[in-house]
A.B. asks: 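Quick one: the structure is below, questions incoming.
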Amino acid sequence: MANKYVNKLIVGTEVKLDLSGDTIVPGDLKKGVTAHDKSGAPIVGSNEFDVNSQDATAAVAEVLKDKTFYARGSKMVGTMPDNGAKTLDIAEKDDEPAIPMGFHDGSGKARIKATEKAKIIPGNIKTGITILGVVGSYGGEAVKAQANKNVTPSFAEQVVTPDETYDYLSQVTVAAIPVTYTDNAAGGQTLQIGG
């Protein structure tokens with residue numbers, strides 16, 4: 001009797017402890033944890049697994065590339081790219097740069113391209129207008145208009161621009177195409193248009 005363990009305790013008529021129906025075995029317990037089996041004998045856990053991964057929902061595309069994890073009873077390797085500090089440059093008003101799939105370390109930025117940002121200054125923005133927090137100061141005082149320019153028509157293409165000291169033309173006057181009639185030696189008239 002000395003070699004047997006107590007697995008059931010009855011006080012009076014009331015059962016206070018009954019291990020006889022227990023199903024625990026060392027493989028059910030975490031390694032190093034102690035308990036008693038159905039005979040009342042002490043047992044030490046041998047299970048080295050610390051989690052049941054059957055209900056895990058992570059997918060390989062959601063875990064960083066080359067990092068291992070366990071899910072649904074299997075060891076898996078992640079495939080998600082590590083983009084680190086990704087910077088997205090906006091060069092034009094309608095630019096919508098795509099955010100690449102993958103991990104971002106939080107230090108990346110979306111920004112206006114430096115060459116475009118340099119143009120957003122008060123002197124380039126009309127007074128009373130604010131663009132991206134920059135209040136305009138341009139009021140036209142630095143612009144010099146050429147009031148009128150006369151152009152003689154020709155049959156060749158002409159590009160009409162303000163003279164070098166002006167910023168723009170407010171008016172261009174194009175003369176009428178000259179038309180002349182002259183008598184000729186044959187007794188008729190020569191009609192000349194332009195020239």
Side-chain angles (χ1 to χ4, degrees), residues 5 7 17-145 157 159 161-162 164 166-169:
Y5 296 99
N7 64 353
L17 174 70
D18 185 359
L19 301 177
S20 63
D22 288 359
T23 59
I24 192 81
V25 294
D28 294 335
L29 291 174
K30 184 177 176 183
K31 186 175 182 177
V33 173
T34 59
H36 295 86
D37 67 10
K38 67 180 181 177
S39 73
I43 57 174
V44 178
S46 61
N47 188 332
E48 294 186 358
F49 301 107
D50 58 1
V51 69
N52 178 348
S53 65
Q54 293 301 319
D55 62 351
T57 58
V60 294
E62 298 169 332
V63 176
L64 279 174
K65 187 173 192 265
D66 300 328
K67 299 290 183 183
T68 58
F69 68 103
Y70 292 87
R72 296 164 295 285
S74 298
K75 183 177 183 179
M76 300 183 178
V77 180
T79 61
M80 178 173 55
D82 185 347
N83 295 317
K86 189 68 178 172
T87 299
L88 305 174
D89 283 326
I90 298 169
E92 295 183 11
K93 180 183 72 155
D94 293 327
D95 276 359
E96 293 180 357
I99 298 170
M101 181 180 165
F103 173 79
H104 300 268
D105 67 11
S107 64
K109 295 179 175 36
R111 64 187 182 191
I112 297 171
K113 193 173 178 180
T115 53
E116 298 307 307
K117 186 176 179 180
K119 298 173 189 174
I120 303 173
I121 58 173
N124 285 348
I125 303 169
K126 183 179 175 184
T127 300
I129 302 295
T130 300
I131 297 177
L132 297 172
V134 179
V135 179
S137 65
Y138 171 70
E141 66 279 355
V143 175
K144 191 173 178 185
E157 179 182 304
V159 176
T161 59
E164 191 175 314
Y166 298 98
D167 295 308
Y168 71 94
L169 282 167

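Counting begins at 1 with the first residue of the sequence.
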A.B. asks: Determine which pairs satisfy side-chain hydrogen bond (donor to acceptor under 3.5 Å, both in side chains) with at least one residue from residues 73-83, sequence neighbours left out, and list them in order.
C.D. replies: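 Pairs touching residues 73-83 that pass the test: none.
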A.B. asks: Could you name each residue pair satisfying salt bridge (Lys or Arg N to Asp or Glu O under 4.0 Å) that touches residues 122-136, not counting sequence neighbours?
C.D. replies: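 For residues 122-136, and leaving out neighbouring residues, there are no salt bridge (Lys or Arg N to Asp or Glu O under 4.0 Å) pairs at all.
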A.B. asks: With a cut-off of 3.5 Å and sequence neighbours excluded, list every side-chain donor-acceptor pair involving residues 65-73.
C.D. replies:
unit_1 : atom_1 : unit_2 : atom_2 : d
R72    : NH1    : A56    : O      : 2.6
R72    : NH1    : A58    : O      : 3.4
R72    : NH2    : A58    : O      : 2.9

A.B. asks: Please report the closest heavy-atom contact between V60 and M76, naming both atoms and the distance.
C.D. replies: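 Shortest heavy-atom contact: CG1-CB, 4.1 Å.
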A.B. asks: If only atom types and distance count, is the side chain of S137 paired as donor or acceptor with the main-chain N or O of T127 below 3.5 Å?
C.D. replies: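 A pair under 3.5 Å: no.
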A.B. asks: Can you give me every donor-acceptor pair (side chain of residues 87-97, partner residue at least two apart or in another chain, under 3.5 Å) with its distance?
C.D. replies:
unit_1 : atom_1 : unit_2 : atom_2 : d
D89    : OD1    : R111   : NE     : 2.6
D95    : OD2    : A91    : N      : 2.8
D95    : OD2    : E92    : N      : 3.0

A.B. asks: Under the side-chain contact (heavy atoms from CB on, under 4.5 Å) test, which residues partner L169, sequence neighbours left out?
C.D. replies: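 Result, side-chain contact (heavy atoms from CB on, under 4.5 Å) vs L169: Q146, K149, V160, P162, V172.
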A.B. asks: For the CE atom of M80 and the CG atom of L64, what is their distance to the nearest 0.5 Å?
C.D. replies: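 It comes to 4.5 Å.
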A.B. asks: Distance-only check: which donor-acceptor pairs under 3.5 Å involve side-chain atoms of residues 26-36, not counting sequence neighbours?
C.D. replies:
unit_1 : atom_1 : unit_2 : atom_2 : d
D28    : OD2    : V25    : N      : 3.4
K31    : NZ     : E48    : OE2    : 3.2

A.B. asks: Can you list the residues that meet the side chain to side chain donor-acceptor pair (under 3.5 Å) rule with D37, with sequence neighbours excluded?
C.D. replies: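 If we apply the side chain to side chain donor-acceptor pair (under 3.5 Å) test to D37, skipping adjacent residues, the hits are S39.
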A.B. asks: Less than 3.5 Å apart, which donor and acceptor atoms pair up between the side chains of residues 112-121 and the rest of the protein, not counting sequence neighbours?
C.D. replies:
unit_1 : atom_1 : unit_2 : atom_2 : d
E116   : OE1    : K119   : NZ     : 3.4
E116   : OE2    : K119   : NZ     : 3.2

A.B. asks: Heavy-atom distance under 4.5 Å between the side chains of V134 and P122, does that happen here?
C.D. replies: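 SC-SC contact between V134 and P122 confirmed.
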A.B. asks: Name the atoms and distances for all side-chain donor-acceptor pairs under 3.5 Å in residues 100-107, with sequence neighbours left out.
C.D. replies:
unit_1 : atom_1 : unit_2 : atom_2 : d
H104   : NE2    : P100   : O      : 3.1
D105   : OD1    : S107   : N      : 2.8
D105   : OD1    : S107   : OG     : 2.7
D105   : OD2    : S107   : OG     : 3.4

